[in-house]
Protein chains: 2
Amino acid sequence: MLTYHLEDRGTLPLYEYLYQCIRQDILNGHLKKDEKLPSKRSFAKHLDISVVTIETAYAQLQIEGYIYSKEKSGFFVSDIREMSLPVGTTISSLSAFTTGQTVSAPNGKHNHFCNTAGAYLASGSAGTLSDAPTQHYFADFQTNRIADDSFPFSVWSRLSREVLSDKEPELLKAQPSNGSARLREAISEYLYRFRGMQVVPEQIFIGAGTEYLYSLLVQLIGRDLVYAVEDPGHRKVAEILTSNGVHCEHIPLDAYGLSCKALAESTASVVHISPAHHFPTGIIMPIRRRQELLDWAYKQENRYIIEDDYDSEFRFQGRPIQPLQSIDTNDRVIYINTFSKSLTPSIRISYMVLPWTLVKRFHKSLSFYSCTVSGFEQYTLAAFISRGYYEQHINRMRNAYKTKRNLVIQALKNSPLAPVARIHEENSGLHFLLELQTDFTDDELIASAARCGIKITCLSKYYQTDDTRRQHTFILNYSGVENDRIPEAIERLAGIMK
Amino acid sequence: MLTYHLEDRGTLPLYEYLYQCIRQDILNGHLKKDEKLPSKRSFAKHLDISVVTIETAYAQLQIEGYIYSKEKSGFFVSDIREMSLPVGTTISSLSAFTTGQTVSAPNGKHNHFCNTAGAYLASGSAGTLSDAPTQHYFADFQTNRIADDSFPFSVWSRLSREVLSDKEPELLKAQPSNGSARLREAISEYLYRFRGMQVVPEQIFIGAGTEYLYSLLVQLIGRDLVYAVEDPGHRKVAEILTSNGVHCEHIPLDAYGLSCKALAESTASVVHISPAHHFPTGIIMPIRRRQELLDWAYKQENRYIIEDDYDSEFRFQGRPIQPLQSIDTNDRVIYINTFSKSLTPSIRISYMVLPWTLVKRFHKSLSFYSCTVSGFEQYTLAAFISRGYYEQHINRMRNAYKTKRNLVIQALKNSPLAPVARIHEENSGLHFLLELQTDFTDDELIASAARCGIKITCLSKYYQTDDTRRQHTFILNYSGVENDRIPEAIERLAGIMK
């Protein structure tokens with residue numbers, strides 16, 4: 001049976017170390033594809049650790065696509081280099097309906113809430129509901145907002161005051177082009193501890209938001225190359241790239257994320273993906289697909305993968321998904337993340353981790369740029385991270401979002417929607433999908449939700465190409481809806497089926 | 001004799017009102033070209049105000065090019081619509097040597113300071129002096145820095161704390177694409193009071209630094225147009241435009257700033273200028289040239305003037321030069337300014353004032369962008385401006401810079417450089433020029449200044465085209481040199497003539 005020296009784990013949690021050992025053995029071929037892993041119980045006995053530890057490690061390996069489960073047979077090693085899927089794979093994905101939770105209605109009660117809902121809308125907005133500003137809605141499931149009271153004002157204010165009273169001479173000078181050394185060091189340390197990424201501060205580049213970093217990347221990688229984006233995906237990415245003079249190709253997704261086949265058939269040299277938790281489908285890209293993407297990039301010079309890790313902090317089960325950046329052995333992955341989503345959109349601080357070839361190119365061709373982020377906020381954020389407040393904040397927010405998400409799901413289960421609805425969620429991120437059995441069109445669904453005071457949008461709105469468009473699926477961005485409004489919000493939403 | 005109703009001036013200072021009245025009469029043709037203005041003494045008697053008030057108003061009109069003086073004859077109205085210059089014009093400019101102060105040496109003392117200056121340099125840097133970091137220099141006249149202790153830390157810190165403790169709900173949302181309404185209102189009010197610009201908040205767009213705004217402008221105006229930049233000029237402007245995929249043409253300057261003739265002969269549709277105080281020559285563009293530039297822009301659709309007003313706050317005499325934006329009657333001037341230069345480079349907040357056609361275009365095609373400046377700092381700056389702290393700060397800095405500038409000029413007059421040096425300065429901005437009679441090349445001058453512990457650069461380094469390059473002229477960016485170092489710094493600089 002597999003044997004690992006658990007005493008070598010240092011300060012790592014047991015499950016984490018075990019996960020790493022098994023993953024390593026899969027990656028280096030010691031564990032072959034379709035090989036059966038020890039049963040949880042016997043493995044636990046063998047290593048003299050608890051069954052829960054084994055379960056947690058296996059769950060993480062499964063969610064990342066390293067192993068798969070067969071009902072009543074146990075866990076097996078995935079084929080991480082081949083396209084064809086082993087039979088019985090349970091990789092969670094949009095198309096793999098086996099992971100969709102069927103919402104069951106515990107009672108037959110139907111609330112006729114929506115009939116009176118118009119009364120809750122601000123007067124004057126009735127005629128133009130779909131354009132009504134957010135405050136006219138009872139609940140907004142479209143905008144990914146952060147609860148107003150979640151930002152750690154007092155800590156931030158104190159650290160900010162400290163920075164301003166220290167008056168370090170370096171602070172008043174223009175910050176280095178790539179950001180203040182102190183913030184880059186804090187991020188490097190954070191990435192190591194919480195994302196398992198080994199990145200030195202020299203690879204990190206700070207900028208005023210991800211959108212700005214994209215425009216820098218276009219200048220760095222090249223404006224004449226073709227950029228591939230996910231379809232469906234964040235509309236803004238393609239908008240920004242196009243506005244920067246770049247030609248974009250929209251690449252369809254399959255059950256495992258961006259289709260490598262379609263990518264290879266395109267003329268793209270650069271691809272933008274969000275493998276940790278795709279927006280809007282929620283797909284977590286399995287390791288095999290990640291390897292395929294890397295293989296695609298390695299095939300030609302000047303091919304790059306932009307990995308947008310935008311809400312990886314908010315996984316509600318197991319450890320965060322390992323980023324593509326840390327399995328790239330050939331300098332082709334650009335990792336990008338932001339504090340605007342995890343702290344507050346009011347703070348415009350994002351960063352990217354560049355491969356060394358691009359680090360050098362930046363210093364050669366773009367170092368004339370000033371850093372776009374205020375030195376004051378760079379120093380404040382550096383202190384916020386390095387003194388552990390960021391970790392505390394993320395943990396608190398993760399719990400708050402988990403609670404909120406469970407409230408929404410529970411409300412859905414109790415609602416009249418239950419018999420015709422299916423939830424697709426991945427224990428991750430700030431949104432999930434709600435698929436309905438209905439003959440209404442998506443536009444009708446959205447308009448009728450608006451009439452019930454609910455701002456919400458559909459998955460189909462995020463596709464560029466018509467033929468692959470998935471219908472009848474709401475995207476529930478739940479983070480901006482107050483907990484005490486959730487039951488009524490879902491009741492109102494149920495009104496759309498009338 | 002000219003008569004104005006001074007009691008109609010409202011809260012304006014007398015000289016300011018008088019300046020406005022005369023300017024208006026010149027612009028509307030009541031005062032014709034080459035018409036003689038009343039003598040200061042008789043005009044003062046006539047209006048029953050002091051001679052000093054008349055002098056101040058005339059000086060302002062002269063510096064802006066509305067009137068000219070003839071020795072022993074008095075002041076005359078300039079021809080503000082024609083190219084040819086009236087005889088005897090004293091518009092200050094680089095080529096108009098009549099305004100250059102000849103530095104006279106009050107004594108014959110020559111300090112042989114530089115012979116031992118090497119000892120002041122940090123060890124190890126001797127071999128690579130021209131690349132040595134700033135801290136190895138005794139004084140840095142190359143980098144435009146702000147004195148470390150000039151930033152109003154305590155006020156800023158207090159306002160920032162207020163913003164964070166108020167926790168206004170709007171603050172935690174993503175700020176509008178064009179910036180927070182509160183900051184745009186504060187800037188609009190400031191521009192009206194201190195720049196005489198009538199601009200509504202809807203025309204103002206906030207961004208994380210001027211460099212970022214340029215990239216937005218390229219997306220807004222068009223990447224396929226040709227952009228003209230000043231030669232000599234800020235190298236960065238052309239670098240940023242080029243990096244954004246734009247073709248730049250370098251347009252030479254004459255005594256009045258950018259040559260309209262050369263501009264008209266170019267293929268450019270957009271021109272970037274700094275008319276209030278050109279860097280590096282210091283030229284203040286006279287009203288006639290401004291009118292010519294506007295005429296050029298009005299001749300074709302889609303022609304725009306980008307007016308960079310970067311250090312207009314720091315005029316040491318009279319009122320600030322009226323911006324081109326406020327005499328544009330046809331929606332072609334984009335006004336751009338920054339707080340990074342007037343407050344501290346650590347703060348990355350700039351803004352632009354767009355003509356209405358571009359305001360509309362922005363909302364149509366670029367409103368998907370998030371604002372790049374932190375909401376916290378936008379709110380803090382808004383309070384800083386609207387409560388009068390910004391005005392206080394500018395006044396204090398203006399006085400500090402004036403003192404510093406006078407110290408440098410006095411030190412030059414007392415130095416061994418005096419017999420061979422000529423100062424060109426315009427009572428404005430954070431730099432002036434020092435022209436030397438010498439056979440050394442500019443590279444030799446810079447290297448030999450570095451050996452004396454002085455970081456400095458030459459005007460010739462800012463030209464793109466060789467044939468117009470002015471030699472033997474240092475640019476003295478004095479703002480970053482501590483007052484108590486100025487005498488020794490100038491003594492050291494004199495060492496270059498050995």
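By convention in this document, chain letters (A, B, ...) are assigned in the order of the sequence lines, proteins followed by strands, and residues within each chain are numbered from 1.
A:Glu202 meets the salt bridge (Lys or Arg N to Asp or Glu O under 4.0 Å) test with no other residue; sequence neighbours excluded. Scanning for salt bridge (Lys or Arg N to Asp or Glu O under 4.0 Å) contacts around B:Asp308 gives an empty result, with sequence neighbours left out.
By number of non-hydrogen pairs under 4.5 angstrom with chain B, the leading residue of A:Ile240, A:Val218, A:Leu366, A:Thr344 is A:Ile240. Of all the listed residues (A:Ser154, A:Gly209, A:Pro345, A:Ser370), the one sharing the greatest number of non-hydrogen pairs under 4.5 Å with chain B is A:Ser370. Heavy-atom pairs under 4.5 Å with chain B were tallied for A:Lys167, A:Gln175, A:Arg158, A:Lys236; the largest tally goes to A:Lys167. When each of A:Ser340, A:Ser243, A:Ser215, A:Gly375 is checked for heavy-atom pairs under 4.5 Å with chain B, A:Ser243 comes out on top. Ranked by heavy-atom pairs under 4.5 Å with chain A, the first of B:Tyr212, B:Tyr379, B:Tyr369 is B:Tyr369.
Residue A:Asp224 does not touch chain B at all, counting heavy-atom pairs closer than 4.5 Å. Of the two parts of A:Ser160, only the side chain, counted from C-beta on, holds a non-hydrogen atom closer than 4.5 Å to a non-hydrogen atom of chain B.
Note that CD1 of A:Ile349 and OG1 of B:Thr372 are 12.5 Å apart. Values are rounded to the nearest 0.5 Å. Atoms CG and CZ, from B:Asn244 and A:Arg223 in turn, are 5.5 Å apart once rounded to the nearest 0.5 Å.
You'll find the side chain of A:Arg348 stays beyond 4.5 Å of the side chain of B:Val373, heavy atoms only.
Using a distance-only test at 3.5 Å, with no hydrogens or angles considered, a donor-acceptor pair links the side chain of B:Ser346 to the main chain of A:Leu171.
Between A:Phe153 and B:Phe376, the ring-plane angle classifies as tilted under the 30° and 60° cut-offs.
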